[in-house]
Amino acid sequence: MVASASEPKTRLAPVTAPCAARDGRPCEPGEFCLHCGDMPTLLEIGRTHTCGDLRLSDEGERAVLFGWVNSRRDHGGRIFVDLRDREGMTQVVFGPDVDADAYEAAQALRSEHCIGVCGKILRRVDNDGTPNANPNMATGEIELEVDVFELFSKAETPPFDISKDERLDTHENLRLQYRYLDLRRPSLQRNFILRSRLGTITRAHMSELGFLELETPYMVKYTPGGARNFLVPSRLNPGCFYALAESPQIFKQLFMVSGFDKYFQITRCFRDEDLRNDRQPEFTQIDVELSFATPELVFEAIESLMIRLWKDLLGVEIPTPFRRLTWAQAMARYGSDKPDTRFGLELSDLTALTRGCGFAVFEGAPYVKGLCLPPEHGPGYGRGKIDKLTAFAKKRESGGAKGLAWARVEDGGIWQGGSAKFISAELQTKISAEMGAEPGSLLLFVADDFETTHTVLNAIRLHLRDELGLLAGSGPTPWNFLWVTDFPLFERNRDGNWVSSHHPFTSPRDEHVELLSSDPGKVLARAYDLVLNGNEIGGGSIRIHQADVQAKVFEALGMSEAEKQAKFGFLLDAFKYGPPPHGGIALGVDRLSMLMSEADSLRDVIAFPKTQKGQDLMTQCPTPADEPQLAELFIRHRALPNEAAGQAPDAGET
RNA sequence: GGGGCGGUAGUUAAGUCGGUUAUAACGUCGGCCUGUCACGCCGAAGGUCGCGGGUUCGAGUCCCGUCCGCCCCGCCA
């Protein structure tokens with residue numbers, strides 16, 4: 001039987017099985033029914049199950065399924081179709097002996113046609129009646145024998161294979177151009193289902209903790225500093241622009257002044273900076289702020305949320321409290337403020353030991369640090385590999401070391417090869433002991449300034465992690481959560497001026513307030529990052545709520561009175577009216593989703609992502625604005641970089 | 001702004017030292033097939049080698065430029 005809304009309704013032959021559309025209860029006069037009323041369309045009957053639902057226990061029932069043709073296998077006399085929806089896949093089978101019309105219609109089925117089917121749920125058997133389940137499918141023990149078929153719509157041959165693609169090995173530009181098809185892939189659908197549940201659980205959990213979900217504007221006042229903003233011209237205010245919010249930071253602090261006490265929001269943020277594998281121009285944060293906050297209160301709330309997310313979404317119990325390192329410890333031991341703590345290879349500080357050692361490379365550097373490759377890897381790491389590693393260490397993107405000193409450790413901590421001839425036997429033994437070296441260990445050293453030494457050793461450490469597969473074989477992914485605390489309040493920018501590491505409202509540690517004027521570089525902040533397996537997934541701080549401390553911070557930043565007023569006047573005014581002590585954090589939903597779904601890229605957890613050039617290949621966005629649009633906004637565009645060359649612009653710039 | 005990798009049939013890839021008609025798999029189309037599930041068998045069609053220029057008797061291959069995608073640095077919490 002072929003049902004269609006556009007064709008006259010016909011009666012179905014009576015069936016003896018209970019009617020799925022009625023949950024087995026008797027049919028009532030006037031109701032649509034497969035066996036006692038007019039033939040309704042399958043849409044009118046409605047879907048009874050998803051394609052992931054049916055099991056052997058449903059055998060003998062009738063079901064209505066809607067979905068897309070994943071694949072079709074025509075045996076001439078029996079046509080098998082794997083029907084797919086977001087919940088799974090079910091084999092449906094057509095035969096001339098079951099329903100000739102449906103069988104005939106199924107001949108024309110092709111990949112990605114959208115169809116509805118109704119029929120009886122049968123156990124899968126061979127021709128001789130022996131069970132013939134497909135163990136690779138959740139629904140593999142059953143199939144649906146179709147006696148009513150409806151074609152909702154045909155599909156052209158898709159530009160790439162959706163059906164058996166769990167590897168996502170199509171060129172990404174094509175995937176993005178046909179994103180709506182790309183998103184049909186089960187692997188991507190899983191990511192988005194997880195992401196949806198992440199949002200639901202977060203809302204439930206934060207609400208249960210007493211946090212209010214409040215909204216803040218996306219179109220906000222432009223404030224210089226920090227990330228570059230996207231600008232939005234204001235038609236009603238000629239010549240003026242909104243900025244798209246890089247975060248709700250200031251507004252959530254104002255919520256605290258307003259007395260909302262505990263706030264959260266799952267919100268979009270916008271930053272006009274260059275893209276990366278884990279950075280998109282618009283991204284989503286779980287934004288949290290609470291009054292009368294201490295770091296402990298923030299950690300507690302977030303840890304409880306993480307526990308729940310991992311338990312509910314992954315079935316994983318993560319241990320709490322999370323490990324903590326100060327920024328100084330993280331840098332010293334791992335060379336990174338977001339260390340991957342799933343494996344060892346910690347750094348050793350050899351600066352003091354090597355003072356006066358006579359080896360110019362070590363003596364001339366403010367920092368001498370190293371890491372020790374243990375014996376199980378050391379001997380296999382030959383001269384060729386060391387040379388490659390040296391080249392890697394020298395590359396600019398690895399931090400740009402001047403060189404990589406090395407040595408092999410023999411019995412008694414004595415070295416051989418590399419730097420051995422430059423270091424006395426006595427010192428060799430001491431350094432070997434300091435680094436925990438054993439016979440067979442390979443020692444690697446970098447001697448340079450603070451930044452280069454740590455950047456390079458961190459790069460080497462992560463390189464060795466991947467090269468030697470240090471994470472492999474340890475079973476399911478260990479989830480190493482880590483709080484990194486006590487960041488420096490300031491760092492120097494390129495011009496040598498102090499800028500906020502976090503943002504200018506971050507509170508210094510109480511005992512460091514005096515240093516604000518005397519030695520700003522030594523001031524530590526009450527700021528913290530949440531790190532997971534080497535990824536920064538959140539960051540926050542306790543904020544300044546005392547006017548005098550805020551004034552000192554602005555002063556250290558070299559901000560004039562007029563500048564403060566112009567940039568943050570409204571916030572400073574607000575803080576005149578009894579601001580509570582407060583603090584908070586923001587978590588990256590995209591990165592969390594990526595890590596939890598073990599996706600390779602942020603683009604696999606963002607439905608409609610931008611390319612590295614910030615374009616949407618599906619909609620061909622952004623586009624130039626036409627003259628009338630610009631005129632209305634009092635905007636005239638300048639010559640574009642490529643207009644001089646006589647080429648058409650590929651993107652609009654104003 | 002810089003460094004690296006990639007772009008060949010609808011898709012994914014191969015293509016040697018520059019040399020005859022640019023290969024394969026999957027997909028598509030036609031035929032056959034009642035138990036497949038990456039179904040199978042037979043047959044066919046399908047190419048602006050990203051684009052532009054140059055070198056050469058001859059360019060997918062070499063050179064220059066350019067566009068697009070990805071990874072990274074700078075930038076960015």
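Within every chain, numbering begins at 1; the chains are lettered A, B, ... in the order of the sequence lines, protein sequences first and strands thereafter. Since the model is a prediction, treat every value here as computed from it, not as a measurement.
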State plainly whether the residues A:Arg72 and A:Asp74 are in salt-bridge range, i.e. N to O under 4.0 Å.
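So A:Arg72 pairs with A:Asp74 through a salt bridge.
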Rounded to the Å, how far apart are [X] [atom1] and [N] [atom2]?
X: A:Gln280; N: B:A77; atom1: CD; atom2: C1'; value: 16 Å
X: A:Phe392; N: B:C73; atom1: CZ; atom2: P; value: 10 Å
X: A:His75; N: B:C32; atom1: NE2; atom2: P; value: 16 Å
X: A:Arg228; N: B:G74; atom1: CZ; atom2: C1'; value: 11 Å
X: A:Asp82; N: B:C37; atom1: CG; atom2: P; value: 11 Å
X: A:Lys610; N: B:G69; atom1: NZ; atom2: P; value: 13 Å
X: A:Gln107; N: B:U34; atom1: CD; atom2: P; value: 12 Å
X: A:Leu109; N: B:U28; atom1: CG; atom2: P; value: 13 Å

Distance, nearest 0.5 Å, that separates OG of A:Ser111 from CD1 of A:Ile162:
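Rounded to the nearest 0.5 Å, the OG-CD1 separation comes out at 8.0 Å.
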Rounded at 0.5 Å granularity, tell me how far SG in A:Cys269 sits from CG in A:Asp287.
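It comes to 6.5 Å.
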Counting only Watson-Crick or G-U wobble pairs whose two distances fall under 3.5 Å, which nucleotide matches [N]?
N: B:C41; value: B:G31
N: B:G74; value: none
N: B:U56; value: none
N: B:G69; value: B:C5
N: B:A24; value: B:U12

[atom1]-based separation of [M] from [N] [nearest Å]:
N: B:G15; M: B:A59; atom1: C1'; value: 14 Å
N: B:A13; M: B:C49; atom1: C1'; value: 13 Å
N: B:C72; M: B:C29; atom1: C1'; value: 45 Å
N: B:U34; M: B:A44; atom1: P; value: 24 Å
N: B:U12; M: B:C75; atom1: C1'; value: 35 Å
N: B:C62; M: B:C17; atom1: P; value: 10 Å
N: B:G52; M: B:C57; atom1: C1'; value: 23 Å
N: B:G54; M: B:U11; atom1: C1'; value: 33 Å

Can you tabulate the close N/O pairs, meaning under 3.5 Å, that link protein atoms to atoms of nucleotides 10-14 of chain B?
unit_1: B:G10; atom_1: O2'; unit_2: A:Pro159; atom_2: O; d: 3.0
unit_1: B:U12; atom_1: OP1; unit_2: A:His171; atom_2: N; d: 2.6
unit_1: B:A13; atom_1: OP2; unit_2: A:His171; atom_2: NE2; d: 2.6

Answer yes or no: does atom NZ of A:Lys385 have more than 12 heavy-atom neighbours from other residues, nucleotides or ligands under 6.0 Å?
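Yes, the 6.0 Å shell around NZ holds more than 12 heavy atoms from other groups.
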Base, sugar-phosphate alone, or nothing: which one does [X] contact when heavy atoms must sit under 4.0 Å apart?
X: A:Gly538; answer: nothing
X: A:Val125; answer: base
X: A:Asp272; answer: nothing
X: A:Ser501; answer: base

Has A:Arg492 got its NZ or CZ under 6.0 Å from the middle of the six-membered ring of A:Trp498, at an angle within 45 degrees of the ring axis?
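Yes, cation above the ring, under 6.0 Å and within 45°.
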For the side chain of [X] and the base of [N], is some donor closer than 3.5 Å to an acceptor across the two?
X: A:Glu397; N: B:G2; answer: no
X: A:Arg124; N: B:C37; answer: yes
X: A:Asp274; N: B:C75; answer: no
X: A:Arg279; N: B:C76; answer: yes

Return no unless some side-chain N or O of [X] is found under 4.0 Å from OP1 or OP2 of [N].
X: A:Arg110; N: B:C29; result: yes
X: A:Asn127; N: B:U34; result: no
X: A:Asn132; N: B:U36; result: yes
X: A:Arg276; N: B:C73; result: yes
X: A:Arg73; N: B:C39; result: yes

Between A:Asn134 and A:Lys395, which residue's closest nucleotide on RNA chain B lies nearer the 5′ terminus?
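Its nucleotide being nearer the 5' end, the pick is A:Lys395.
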Both A:Glu246 and A:Leu617 contact RNA chain B. Which one's nearest nucleotide lies toward the 5' end?
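Closer to the 5' end of RNA chain B: A:Leu617.
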Proximity to the side chain of [X] - top-ranked nucleotide from [options]:
X: A:Gln615; options: B:G69, B:C75, B:A77; value: B:G69
X: A:His502; options: B:C70, B:A77, B:G35; value: B:A77
X: A:Lys613; options: B:C37, B:G69, B:C75; value: B:G69
X: A:Arg603; options: B:A77, B:G69, B:C70; value: B:C70
X: A:Thr611; options: B:C70, B:U36, B:C76; value: B:C70

Evaluate ring-ring contact (aromatic ring centres under 6.0 Å, His included) for A:Phe283 paired with A:Phe270, printing each intermediate quantity in order.
CA-CA 7 Å; A:Phe283 59 97; A:Phe270 307 87; 8.3 Å; no
Whether A:Asn535 side chain and A:Leu532 backbone form a donor-acceptor pair below 3.5 Å:
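Looks like yes, one N/O pair under 3.5 Å.
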I'd like a table of donor-acceptor pairs (distance under 3.5 Å, sequence neighbours excluded) in which one partner is a side-chain atom from residues 583-597 of chain A, with atom names and distances.
unit_1: A:Asp590; atom_1: OD1; unit_2: A:Arg195; atom_2: NH1; d: 2.9
unit_1: A:Asp590; atom_1: OD1; unit_2: A:Arg195; atom_2: NH2; d: 3.1
unit_1: A:Asp590; atom_1: OD2; unit_2: A:Thr284; atom_2: N; d: 2.7
unit_1: A:Arg591; atom_1: NE; unit_2: A:Asp278; atom_2: O; d: 3.2
unit_1: A:Arg591; atom_1: NH1; unit_2: A:Glu536; atom_2: O; d: 3.0
unit_1: A:Arg591; atom_1: NH2; unit_2: A:Asp278; atom_2: O; d: 3.2
unit_1: A:Ser593; atom_1: OG; unit_2: A:Val589; atom_2: O; d: 2.7
unit_1: A:Ser597; atom_1: OG; unit_2: A:Ser593; atom_2: O; d: 2.5

Run the ring-centre check on [X] versus [Y] and record whether the distance is less than 6.0 Å.
X: A:His75; Y: A:Phe80; result: yes
X: A:Phe568; Y: A:Phe505; result: yes
X: A:Phe94; Y: A:Tyr103; result: no

